[in-house]
2 protein chains.
Amino acid sequence: MQMNTESFLNYIDEHITLSEDEKTFLLTKLNFRKYQKGQYVVQQGDVCRYENFVVSGCLKTFFVDNEGDEHVIMFSVENWWSADLSSFFTQTPADYNVLCLENTEVIQIGFEEIEELYINIPKLERFFRILFQNSIVAFEKRLVRNLSMTAKDRYLYFKKRYPQIEQRVPQYAIASYIGVTKEFLSKIKSQLILEQ
Amino acid sequence: MQMNTESFLNYIDEHITLSEDEKTFLLTKLNFRKYQKGQYVVQQGDVCRYENFVVSGCLKTFFVDNEGDEHVIMFSVENWWSADLSSFFTQTPADYNVLCLENTEVIQIGFEEIEELYINIPKLERFFRILFQNSIVAFEKRLVRNLSMTAKDRYLYFKKRYPQIEQRVPQYAIASYIGVTKEFLSKIKSQLILEQ
DNA sequence: AAATGATATTAATATAGATTAACTTCAAGC
DNA sequence: GCTTGAAGTTAATCTATATTAATATCATTT
């Protein structure tokens, strides 16, 4: 059930140029997998075995705290990655869950495979270096938004920045992502309607 | 005024092994610089020209919002890095400031130099890939702490995790780092004293 | 040693956002 | 077509934290 790898190779092409041989080798190290809505790609407590590239669908990465409250770390739609990186890098139990909000097709790279890939295609070190660079910048900016903006402004930013995600995921998950309760997000939205 | 490069090379040694030739080449691409307490390594609005490795001293990376309020993104002491990464990677004006809280010695890698280094010593791609990996994990964890812990618990975590920093930087900067006002941090501390 | 300015504390009041609880909507299953 | 349960809304009350303002501390400069 080999799914379409074109989007994945195009995505890699944006940062590095691979030869045909390298592409072929890379493809042999990938796992193609389809999940149904509601299935877990990673579960808190399990070791995260793969970095997951989303071909289609939508994933929610979240953390459940001691009080049982859920905290959304990120959403991953087409051409995004998802994993519990701490668990993956150290192969220790995950703190986070990755859940399918829709039927989702992913391309997975396993822990052993990624090391093999780094060795055989050193350009991939560059690729992931750049990927991780961009990811740090995104996290840094999100931190600053959380520290300096009100909940309302964080919501407006989210809507503007990720209009496609806003339509696809439950509102309570967006509330958690921006760091408020679902009730307060409802209040923000009704205020926004009054303001227009 | 070539400063001691030993700590820097040891630090790199933790993740990759460089030949003597590679080390020599690397050293030719570095800038050694001393700043006085109160000087800026990066200023909001300027392009961030360097990634800065702290040999000695202490840096504060922060953002000043439209209301003039300061938000501390990170502190960097010995063997840490500091930069406005978004500005550095894209060579566009910085959103953040990096200020010396103490007299500080840094090793700087310039934007052109880092690219040369990546080309001539591909192992450095691996080095920074690993560095950035770890950095993402740290940011992710900080995000989760900000979303799921109370201010008091964030303060206790900070004290426990960075006891050396707690002693060296002003309390109002710690307050900002954990995401509260300095007045509220004072309250937290006086509560903690009562509790013992 | 007095003056200055940055840092820190304390207390009173205000507010953004949480909590609780009741109610609504709507899709999915029986 | 009724039932169920998840998702979303609304409103009342509560609380963690912000704001404001006054005071205290302490290192640095004059």
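Chain naming here is simple, since letters A, B, ... match the order of the sequence lines and numbering starts at 1 in each. Values below: every heavy atom of this structure, side chains too, minus hydrogens, waters and symmetry copies.
Checked against C:dA18, C:dG17, D:dT19, the side chain of A:Ala151 finds its nearest nucleotide in C:dG17.
One interatomic measurement links the two molecules: NZ of B:Lys37 to C1' of C:dA6, which rounds to 10 Å at whole-angstrom precision. Here C:dA8 presents its C1' atom at 14 Å from CD of B:Glu166, a figure rounded to the nearest Å. For A:Asp153 and C:dG17, the CG to C1' distance is 14 Å, given to the nearest whole Å. In this entry the distance linking CG of B:Asp65 with P of D:dA18 reads 13 Å, nearest Å. Atom pair A:Gln191:CD and D:dA11:P shows a separation of 12 Å (rounding to whole Å applied).
For B:Glu105 and B:Ser56, the side-chain atoms include at least one donor-acceptor pair closer than 3.5 Å. B:Gln44 and B:Asn97 are linked by a side-chain donor-acceptor pair at a separation below 3.5 angstrom, with hydrogens and angles left out of the test.
The side-chain tip of B:Arg142 points at the ring of B:Tyr177 from less than 6.0 angstrom away and within 45° of straight on. Remark: B:Arg126 is not positioned above the aromatic ring of A:Phe128, lacking an NZ or CZ atom under 6.0 angstrom from the ring centre and at most 45 degrees off the axis. Cation-pi check for B:Arg168 over B:Tyr162 is not met; the charged atom does not lie both under 6.0 angstrom from the ring centroid and within 45 degrees of its normal. A cation-pi arrangement is not found for A:Lys152 relative to A:Tyr155, the charged atom failing to lie both closer than 6.0 Å to the ring centre and inside a 45° cone about the ring normal.
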Output one line per pair: protein atom, nucleotide atom from nucleotides 5-10 of chain D, and distance, for all N/O pairs under 3.5 Å.
unit_1: D:dA7; atom_1: OP1; unit_2: A:Tyr172; atom_2: OH; d: 3.4
unit_1: D:dG8; atom_1: OP1; unit_2: A:Gln171; atom_2: N; d: 3.0
unit_1: D:dG8; atom_1: OP2; unit_2: A:Gln171; atom_2: N; d: 3.1
unit_1: D:dG8; atom_1: OP2; unit_2: A:Tyr172; atom_2: N; d: 3.2
unit_1: D:dT9; atom_1: OP2; unit_2: A:Ser186; atom_2: OG; d: 2.7
unit_1: D:dT9; atom_1: O5'; unit_2: A:Ser186; atom_2: OG; d: 3.3

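When heavy atoms are screened at a 4.0 angstrom cut-off, B:Gly38 is found touching no nucleic acid atom at all.
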